[in-house]
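In what follows, every chain begins at residue 1, and chains take the letters A, B, ... in the order their sequences are listed. Side-chain atoms are counted along with the backbone in the values below, which use heavy atoms only and exclude waters and symmetry mates. It should be emphasised that the depicted structure is a prediction, and the values quoted were computed from it without experimental measurement.
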Protein chains: 2
Amino acid sequence: MSEKKRGRPRAFDAKVTLEKAREVFWDRGFAGTSLDTLSAATQLNRPSLYGAFGDKEDLYIDALEGYRAESMGVLADALDPSLPLRENLARVYQRALAIYLHGETAARGCFLIGTATAEAIQHERVREVLSRSLDDFDGEIEKRMKLAIERGELPDGSDPHTLARLASAVMHSLAVRARAGDSRETLEALAQSGVDMICGKA
Amino acid sequence: MSEKKRGRPRAFDAKVTLEKAREVFWDRGFAGTSLDTLSAATQLNRPSLYGAFGDKEDLYIDALEGYRAESMGVLADALDPSLPLRENLARVYQRALAIYLHGETAARGCFLIGTATAEAIQHERVREVLSRSLDDFDGEIEKRMKLAIERGELPDGSDPHTLARLASAVMHSLAVRARAGDSRETLEALAQSGVDMICGKA
DNA sequence: ATTATTTTATGCGAAACGGTACAAAATGAG
DNA sequence: CTCATTTTGTACCGTTTCGCATAAAATAAT
């Protein structure tokens with residue numbers, strides 16, 4: 001895995017650097033972030049940044065991909081099939097909010113929905129990542145819905161595809177509203193409404 | 001209303017100019033749009049633009065406000081109380097999609113959710129407009145839900161506040177997914193699911 | 001006609017932008 | 001030790017950015 005390379009070794013951890021870059025992009029968006037800002041945040045000079053990740057768009061795409069991958073991990077964990085569907089959904093929203101409300105200045109919402117959406121028209125690669133991320137999320141939720149139907153956790157005749165997209169819609173709304181500055185209480189209430197909408201009022 | 005002013009008259013219509021500027025911001029976002037691009041699109045040189053609207057952020061805020069106002073008009077019209085709730089909601093989503101899918105390159109989604117969300121962290125005024133827009137939309141929908149409950153269009157014990165926010169959530173999802181490139185059919189299916197979720201499966 | 005007022009057009013200017021050339025530094029290979 | 005290789009830091013490149021200074025043009029008031 002880690003063969004020693006020939007030349008001068010890197011003085012930084014690419015993964016850590018990518019996380020720092022993500023923080024900056026998250027707050028400022030892609031177009032609103034300069035290489036100088038990225039350089040300062042990562043404590044790498046521009047040539048090192050360029051050598052390791054390519055140009056600004058490459059770096060942004062990398063950051064998006066990392067976020068997508070992490071998010072899918074969080075989602076899979078929240079959807080632990082040994083728990084009831086209602087609890088699964090509540091966990092999904094709860095963990096999303098923990099991420100969305102983490103911002104220092106104001107809540108940042110979802111990195112993808114909050115920043116990639118804006119670039120999706122002009123940058124096709126960004127749109128591709130965004131689209132794939134939404135689809136992956138939908139797919140994972142839908143799998144859980146199918147399982148719920150098999151187990152009788154949902155009424156007969158329920159359509160897993162439809163339910164998954166409605167559950168995702170609540171997620172998208174949380175993402176936008178968190179970035180618009182809605183309070184934690186407001187967002188938690190919406191999350192609860194989403195759970196009740198899918199699973200029935202408790 | 002229109003008293004003749006003293007100096008040299010304007011050679012442009014501010015309202016038309018604002019609409020052209022909005023188109024550019026819609027495709028490229030705030031940070032991704034340069035004054036040169038705006039100048040070319042509006043066929044005004046920068047000083048004229050500056051004199052009429054202020055700096056780039058002022059112009060963007062103006063464009064957002066115009067969109068918000070128009071959207072509320074469209075919403076009020078779609079919610080014509082002489083029609084059943086189910087039809088009202090279907091009209092709301094249908095008209096939203098007509099706007100969201102209007103883009104030339106790719107579908108543009110919602111101007112506010114697609115571009116203002118990205119700037120909401122760094123630009124407080126943008127966040128304020130975004131937040132207010134979401135609230136206004138929620139409020140108008142909630143009013144219609146209350147009416148529906150009075151009329152018996154919804155089950156007893158329905159909570160208009162919750163229903164409004166769920167209906168809005170579907171809207172937010174349409175906004176994001178349109179900009180991510182989802183097909184018209186996919187979006188219309190989600191809209192239909194939203195109507196059924198609120199009003200019951202037909 | 002003269003003056004005051006407002007808009008238009010050219011063009012400047014300082015700063016920020018993304019990206020890279022180049023040499024020094026740090027490692028492994030031979 | 002010497003050389004090839006890779007990363008690092010400085011400095012720079014040409015371009016683009018936003019905003020404005022300035023003067024010409026077009027109108028109303030006097």
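Residue B:D36 contributes atom CG, which lies 18 Å from atom P of C:dG13 at whole-angstrom precision. The CZ-P distance, from A:R6 to C:dA29, rounds to 7 Å in whole Å. Put simply, CD on A:Q43 is 17 Å from C1' on D:dT7, counting in whole angstrom units. Per the geometry, CZ belonging to A:F12 stands 15 Å off C1' belonging to C:dA26, to the nearest Å. Across the protein-nucleic acid pair, A:L38 atom CG and C:dA16 atom C1' stand 14 Å apart, rounded to whole Å. The CG atom of B:L35 sits 6 Å away from the C1' atom of D:dC18 (whole-angstrom rounding). For the pair B:K56 NZ and D:dC20 P, the interatomic distance rounds to 15 Å; values are reported in whole Å. When rounded to the nearest whole Å, the span between CZ of A:F53 and P of D:dT8 equals 11 Å.
A donor-acceptor contact under 3.5 angstrom links the side chains of A:S48 and A:N45, judged on distance only. For B:D36 and B:S34, the side-chain atoms include no donor-acceptor pair closer than 3.5 Å.
Checked for salt-bridge contact, B:K143 and B:E140 meet the test: a charged N lies under 4.0 Å from a carboxylate O.
Counting any heavy atom pair closer than 4.0 Å across all strands shown, B:T37 reaches no nucleic acid atom. Using a 4.0 Å heavy-atom criterion, one finds that A:S39 contacts no nucleic acid atom at all.
When each of B:S34 and B:G7 is assigned the nucleotide of DNA chain D bearing its nearest heavy atom, the one mapping closer to the 5' terminus is B:S34. Comparing A:G51 and B:A31 along DNA chain D, the residue whose closest nucleotide (by nearest heavy atom) sits nearer the 5' end is A:G51.
If you check distances only, the side chain of A:R8 does reach the base of C:dA25 with a donor-acceptor pair under 3.5 Å.
For A:Y50, the listed nucleotide lying nearest its side chain is C:dT20; candidates were C:dT20, D:dG19, D:dT8. Out of D:dG19, C:dG19, D:dT8, the shortest distance to the side chain of A:A11 is found at D:dT8. Checked against D:dC18, C:dG19, D:dT8, the side chain of A:R10 finds its nearest nucleotide in D:dT8. Residue B:R46 places its side chain closer to C:dC12 than to any other of C:dC12, C:dG19, C:dT10. Taking every side-chain heavy atom of A:P9 into account, C:dA26 is the closest of D:dC18, C:dA26, C:dC17.
Checking the phosphate oxygens (OP1, OP2) of D:dG9, a side-chain nitrogen or oxygen of A:N45 falls inside 4.0 Å. At least one side-chain nitrogen or oxygen of B:S48 sits closer than 4.0 Å to the OP1 or OP2 atom of C:dT8.
Aromatic rings of B:Y60 and B:H123 (six-membered ring for Trp) have centroids beyond the 6.0 Å cut-off, not under it.
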message = I'd like to know whether A:R127 forms a side chain to side chain donor-acceptor pair (under 3.5 Å) with A:S131, so could you lay out the CA-CA distance, the side-chain angles of the two residues, the decisive distance to 0.1 Å, and finally the verdict.
response = CA-CA 6 Å; A:R127 180 167 69 246; A:S131 175; over 6 Å; no
